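Have a look at this one before I ask anything.
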Protein chains: 2
Amino acid sequence: MRSSIVDVASKAGVSIATVSRVLNGSDKVKAKTREKVLAVINEMKYAPNPAARGLIMKKTEAIGLLLPDLHGEFFSEIIRGADEAVQQQGYHLIVSSSHNDPNEIEAALRFMRGRVDAIVLMSPQVNSEILLENLPKGLPIVLLNCRTDNTHYDTIVIDGYGGAKEMTNYLLDLGHRRIAVITGGENNLESEERLRGYRAAMTDRNFTPARTLEFTGNFTEISGYEAVKQILALKHHPTAIFAFNDSMAIGAIKALREEGLRIPSDISVCGFDDIPVGKYISPSLTSVHVPISDLGAMAINRVFDRLTKRTRDTTAHVFVPTKLCLRSSCKKITLMSNLEKEENVA
Amino acid sequence: MRSSIVDVASKAGVSIATVSRVLNGSDKVKAKTREKVLAVINEMKYAPNPAARGLIMKKTEAIGLLLPDLHGEFFSEIIRGADEAVQQQGYHLIVSSSHNDPNEIEAALRFMRGRVDAIVLMSPQVNSEILLENLPKGLPIVLLNCRTDNTHYDTIVIDGYGGAKEMTNYLLDLGHRRIAVITGGENNLESEERLRGYRAAMTDRNFTPARTLEFTGNFTEISGYEAVKQILALKHHPTAIFAFNDSMAIGAIKALREEGLRIPSDISVCGFDDIPVGKYISPSLTSVHVPISDLGAMAINRVFDRLTKRTRDTTAHVFVPTKLCLRSSCKKITLMSNLEKEENVA
DNA sequence: GTCGCAAATGTAAACCTTTACATTGCTGTG
DNA sequence: CACAGCAATGTAAAGGTTTACATTTGCGAC
């Protein structure tokens with residue numbers, strides 16, 4: 001049996017109210033009384049029961065973080081950024097992964113309801129109706145990269161469109177014309193935005209983005225690896241592969257190497273997200289930089305804004321810019337292969 | 001105001017006991033009553049208050065996972081393995097990082113007390129007295145790679161000694177004699193064990209492990225990077241660097257490249273842990289394989305063992321074997337440099 | 001010495017569930 | 001028809017806090 005506040009009270013010869021007061025920033029308790037109570041608390045190693053406290057206070061000091069997946073450094077960085085921000089406020093993190101499954105999302109959300117003071121939800125793949133339906137009411141919620149038609153919740157969205165467009169333009173500037181992309185799958189907001197950016201860049205420069213050069217992945221290394229196997233089955237290889245995240249780019253590089261292709265001399269590869277390890281792989285990975293851990297921290301801090309200044313009812317919609325991060329996995333291609341390319345596209 | 005069980009009861013025209021019974025696997029409730037209650041519950045989107053439930057049931061359906069850090073793929077894999085295992089049981093994870101700071105550990109532990117049904121704690125750096133003192137009593141606890149003199153808790157420990165010894169022997173077999181190590185810092189169990197293994201392998205083969213070849217890191221990439229800067233300041237460079245985890249090995253490789261050294265032709269590098277990305281960096285990283293995500297899952301499953309079969313009072317102490325994972329970052333060195341080396345050591 | 005007032009402390013209700021025990025209502029048997 | 005017995009449901013206590021309100025204490029002023 002854990003000791004309760006009554007045990008402390010009786011042992012200290014005071015009432016439970018006094019103990020409670022000592023515990024909570026203490027209203028006005030005589031210094032001597034406080035000392036005595038504190039001594040007993042330490043002696044008994046008493047700690048208030050969070051369930052009882054939560055029951056009456058309606059406050060848990062925990063924030064829920066629901067991510068689509070836990071594979072790879074992207075999510076690990078999100079968690080790290082969020083944990084740091086949360087710890088700064090003496091709060092804690094309840095982490096869950098949904099595998100993009102509406103049922104799991106619902107289960108996690110139900111679990112969190114009443115256990116957390118707010119929720120940060122990242123779910124690029126589930127459509128907004130399902131989401132909105134399951135979102136607990138009366139709880140601050142920050143949507144991270146969610147498909148969000150309505151403006152009822154705070155949102156943080158990465159500029160996938162702009163980032164992908166910029167990257168595509170960079171590749172075009174290097175002379176690439178046959179640029180294959182590896183997407184993150186259907187109905188995935190992040191993937192769709194990046195695809196939109198890629199296509200827009202192509203179209204803006206009067207190239208027709210070929211559907212045959214768009215390959216479907218799912219943001220995992222293995223899917224990048226497998227996409228390359230398909231890409232290499234093409235009669236005319238692309239000169240560049242733009243994977244819609246770094247994990248797939250890393251998988252792609254492995255597959256390309258296995259086929260004896262050198263990067264970037266034989267083929268250029270680039271990714272998206274700029275996960276920390278991208279600097280260390282060889283060749284170092286050209287990518288679209290996203291401030292990943294900041295994203296986690298931003299979401300948490302937004303949550304705290306809500307939690308403290310409750311007056312502020314206006315939802316905030318943050319659009320996070322990206323920036324090209326040029327390293328050594330992409331190369332300017334020769335005029336000859338360039339021409340060969342134009343020919344293919346035409 | 002969230003609706004409570006009373007609202008449901010009155011709306012359904014039954015007592016709260018009946019609602020509760022319907023909610024919890026239902027004892028014996030007439031089918032018709034159950035239906036009606038269920039209908040109301042759905043209509044009102046009622047969900048029981050976890051705090052109230054936790055208060056009376058003393059059960060939270062959450063497991064605490066306290067890690068020393070959240071940087072890098074090692075911990076991300078631990079979390080992933082743990083989350084998968086936990087989700088299989090309908091439980092959830094409360095994750096926290098301690099930064100190896102006793103105060104933060106204490107705070108996290110205090111926070112978890114009453115909020116979780118069990119705790120998985122990884123803390124290779126904090127000594128056992130402090131730990132033992134702060135560990136909540138009456139809660140199943142699994143210690144992961146903790147310095148653990150006593151046998152009162154379940155423990156899971158990686159065979160750092162054996163793994164490091166094996167790796168060192170491998171390097172010796174390749175002809176290396178001047179082998180520098182980058183450790184994980186003082187008082188870190190993992191680091192100490194690996195250092196012990198390294199030294200033992202050297203001594204067993206009648207080489208004296210030189211203290212001047214032991215460099216102190218802290219398991220982060222940057223510390224591996226910085227250690228190499230020191231290593232290269234040595235008059236006689238080592239022919240191999242054994243970093244005590246992969247992150248430091250990755251940092252070391254970056255530093256070596258910056259100094260114009262080729263790996264493995266100029267110098268061999270190896271790590272420990274075999275994090276997933278090791279396969280993808282170049283050269284692919286020779287490492288000591290640790291089943292990282294399994295470790296997380298094992299810990300959680302051990303916790304559930306405890307939670308279900310309470311009878312079983314014997315603590316389990318699992319020793320996780322490692323296995324050498326040879327890739328391409330280490331190379332056999334020539335007889336000449338080999339001889340040159342022996343000379344240096346002598 | 002008494003009174004008043006403020007400071008310090010105590011009492012009890014409220015938070016929302018689960019569940020042991022009490023009660024109701026019904027079925028079937030003698 | 002009465003009643004035993006059981007199934008279904010209801011009542012109320014318990015769990016550990018916080019806090020509004022009530023009470024006590026102590027002190028200064030008259």
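Numbers restart at 1 for each chain; the letters A, B, ... are given by sequence-line order, proteins then strands. This one's a predicted model, so the numbers in the text were calculated from it and none came from an experiment.
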Rounded distance (Å) that lies between atom P of D:dG15 and atom CG of A:D7:
11 Å
For side chain to side chain contact (heavy atoms under 4.5 Å, CB included), just list the numbers for A:I156 and A:V120, CA-CA rounded to whole Å, side-chain angles, deciding distance to a tenth of an Å, and then say yes or no.
CA-CA 10 Å; A:I156 299 179; A:V120 173; over 6 Å; no
Check whether the ring centres of A:F111 and B:Y91 lie less than 6.0 Å apart, and answer yes or no.
no
Below 4.0 angstrom from OP1 or OP2 of C:dC16, is there any side-chain N or O of A:K58?
yes
For B:N218, check side-chain hydrogen bond (donor to acceptor under 3.5 Å, both in side chains) against everything at least two apart and list the hits.
B:T220, B:S223
When rounded to whole Å, the NZ to P distance for the pair A:K59 and C:dA14 reads 23 Å
Is A:T155 close to A:C146 at the side-chain level, that is, under 4.5 Å between some pair of heavy atoms?
no
When you look at B:F75 and B:D69, which way does the side chain to side chain contact (heavy atoms under 4.5 Å, CB included) test go after all the steps?
CA-CA 7 Å; B:F75 298 111; B:D69 191 12; 3.8 Å; yes
What protein N or O atoms touch nucleotides 17-24 of chain D N or O atoms at under 3.5 angstrom, if any, and at what distances?
| from | atom 1 | to | atom 2 | distance (Å) |
| --- | --- | --- | --- | --- |
| D:dT17 | OP1 | A:Y46 | OH | 2.7 |
| D:dT17 | OP1 | A:N49 | N | 3.1 |
| D:dT17 | OP2 | A:I5 | N | 2.6 |
| D:dT17 | OP2 | A:Y46 | OH | 3.4 |
| D:dT17 | O5' | A:Y46 | OH | 3.0 |
| D:dT18 | OP1 | A:N24 | OD1 | 3.2 |
| D:dT18 | OP1 | A:N24 | ND2 | 3.1 |
| D:dT18 | OP1 | A:R53 | NE | 2.9 |
| D:dT18 | OP1 | A:R53 | NH2 | 2.9 |
| D:dT18 | OP2 | A:S20 | OG | 2.5 |

Testing the 3.5 Å rule here: is there a donor-acceptor pair between the side chains of B:N24 and B:R53?
yes
Can A:D117 and A:T60 be counted as having a side-chain donor-acceptor contact under 3.5 angstrom?
yes
Donor on one side chain, acceptor on other, A:D83 and B:S97, under 3.5 Å
yes
C:dA7 P sits how many Å from A:R34 CZ, rounded?
15 Å
Take the protein atom NZ of A:K30 and the nucleotide atom C1' of D:dG26, then report the distance between them rounded to whole Å.
8 Å
In whole angstrom, give the distance that lies between atom CZ of A:R115 and atom P of C:dC16.
16 Å
Whole angstroms only, please: what is the NZ-C1' distance between A:K32 and D:dG26?
14 Å
Taking five pairs at each terminus, the helix from C:dG1-D:dC30 to C:dG30-D:dC1 shows an axis bend, to 10°, of 60°
